[in-house]
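Each remark here refers to the structure printed beneath this line.
No experiment lies behind these values; they were computed from the predicted model shown. We name chains A, B, ... by the order of the sequence lines, and we start the count at 1 in each one. All heavy atoms count here, side chains included; hydrogens, waters and symmetry mates do not.
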Amino acid sequence: MVPYIFKRLMFMLPILIGITLISFFVIHLAPGNPLTEQLGLNPKVSMGSRLQLEKLYGLNKPLISQYINWIKRITTLNFGRSFTANHEPVIKEISRTIGITILINSLAIIFIFLFSIPIGVISAVKQNSLFDKISTVIVFIGFAAPTFWVALLLIIFFGINLHWLPIGGITSLNYRFLSPAGKIINISKHLVMPVFVAGFGGIAGLSRYLRSNMLEVYKSEYITTARAKGLKEYVVIYKHALKNALIPFITILGLSVPGLIGGSVIIETIFDINGMGRLFYQSVLARDYPTIMGILVIGAVLTLLGNLIADVAYAVVDPRLRK
Amino acid sequence: MKELINAFKKNKLALFSLLFILLIIAAAIFAPFIVPYNPDKINVNAILLPPSFSHWLGTDQLGRDVFSRLIYGSRISIEVGFIAVSISLFIGVIIGAFSGYYSGLIDSLLMRFVDIMLTFPSFFLILAISAILKPSIINIMIIIGLTSWMGVARIVRAEFIQNRQKDYVLAAKASGASDSYIIFSEILPNCIAPILVSATLGIAGAILIQASLAFLGIGIMPPTPSWGGMLSRGKTYIMIAWWLTLFPGIAILMTVLSFNLMGEAVRDALDPRINNSLK
């Protein structure tokens, strides 16, 4: 197992370098340099001190050595300071906001798992039944509905009309005065809609995927054998078929991580959640390049981590891979 | 082609999707002849009216007719869908074809590049680039194209690997045909089916991404009507004017759904594996 994980990590190294190269390249498409953003057209800044600052930032060096310097800095998680008024270090901004983003996306993955597996299994086992047909329709609508629209409809229905769920933020105004249990309930209530919106597209895709996997597995000989042995149908379904159908499913789940992280921009903006996605959106509007670059790299690293977890899970389920 | 026509004859849902897509394209082209009102005309006497006989889908905060704006909004979505996908097909086909045809070092390098591009949350990459370039609608199309070719590349590569050693390719090689002739005139025509499928699904994806960007206020200059932009404005009046949220969303949903269903139908019709399993 350990050599396998090590091999996967080694495989990720060139990808990690590629990520930093592309992020660096993308940001250097930007007109001007960090100095014009920070100093602007301030007449008090003389040409001499401008050159001095350029030297300090290494902007007078060739691009390749700028890249190497930047890499050296980001290995210590130093992404520079944000261009916003308070000039906070980017890593501080990210660490303040990344927790809630990871929490929502992890909950969304659990939510996807909990629902797509039974939906996929039942629609495969009872192929062409009413359940299968209805779930197929819902799946296709789930694919096509824009997340922000679904979020708005939920806000109108559950938030405004029914008053069941809060429509923004992650805590209520009276949060400070609640008991510990009340606090958990309060946060959970706030997270219901964001997690649902983050996950429903994934449920659509993955249940569909699992359904066709199950149908494929059903045709294989060991399923016929298992039935011929006289095993009960649920043993055949859950022990033999599902276990094999789940193997490629895990990879797809790992591949959906970048989509989930990208989606947090929309979800956090609509539900007014102070997470990394909304921070990214605000940085994009403010053209805050250090923050954009930092989140771009962190987002890609999160995806790599998601893929690594999927790879490891894959190896746990499929012993053939561990060799 | 015959399989395609047959498939659409049998599959009612696919036929309906095709008709809906044609309808939307017609609406985009003939918008000025369809709309009952000028989509940009501000009318202070008709602010936030609910749906009625004179305004089928109601009016917005400036008294503009929502139905007319929806019809005009289809222009942006359709343009973005087709142009962004043309760009992503162009890049994806070239990278996939070279990767699959030459294999070896070129293949590994190109495929690592694909892996890297897939590692970025694509919506982050799109937002980052649109923060740097001027976020005009043309740039949005280019950015979506530049960040969505990876799937096409993988599919085309797989097709090329399958075809590379086939007799017709070996015969062309033996007769001294150049590599570029074999790639583009011999092998590529045999990969049209999967490319068509991913193009159809790609259009749906591009429309969704553009709508999301417009919702975030990126890429659309008001008063140009776009579905995502209408939802973005409508959000402000969500408490009092549900029609501003409901109808543009339905327009996006139906359009994307139609492209997805059509893509699926084309895949089912052209994929020999599925055909055999049905027989």
Residue part contacting chain A, namely of B:Leu13, when any heavy atom lies under 4.5 Å: neither
Atom group of A:Ile295 that falls short of 4.5 Å from chain B, counting heavy atoms: both
Heavy-atom contact with chain B under 4.5 Å, split by part of A:Ile160: side chain
Lys NZ or Arg CZ of A:Arg8 over A:Phe11 ring: under 6.0 Å, within 45°: yes
Carboxylate-amine/guanidinium contact A:Lys7 A:Asp311, below 4.0 Å: no
Parallel, tilted or perpendicular, as decided by the 30° and 60° cut-offs, for the rings of A:Phe280 and B:Phe124: parallel
Other residues, nucleotides, ligands: >12 heavy atoms within 6.0 Å of A:Met10 CE: yes
Aromatic ring proximity B:Phe113/B:Trp149, centre distance under 6.0 Å: yes
Report, one line per pair, each donor and acceptor closer than 3.5 Å where one atom sits in a side chain of residues 209-216 of chain B; sequence neighbours left out.
residue, atom, partner, partner atom, Å
B:Ser212, OG, B:Leu208, O, 2.8

Under 4.5 Å from a heavy atom of chain A, the part of B:Leu125 involved: both
Among B:Ile126, B:Ile129, B:Leu133, B:Leu261, residue most engaged with chain A (heavy-atom pairs, under 4.5 Å): B:Leu261
Parallel, tilted or perpendicular: ring planes of A:Tyr67 versus A:Trp70, cut at 30 and 60 degrees: tilted
Structural part of A:Ile292 lying under 4.5 Å from a heavy atom of chain B: side chain
A:Ser23 versus chain B, the contacting section by heavy-atom distance below 4.5 Å: both
Structural part of B:Ala128 lying under 4.5 Å from a heavy atom of chain A: both
Winner by heavy-atom pair count (cut-off under 4.5 Å) against chain B, out of A:Leu153, A:Val301, A:Ile141, A:Val297: A:Ile141
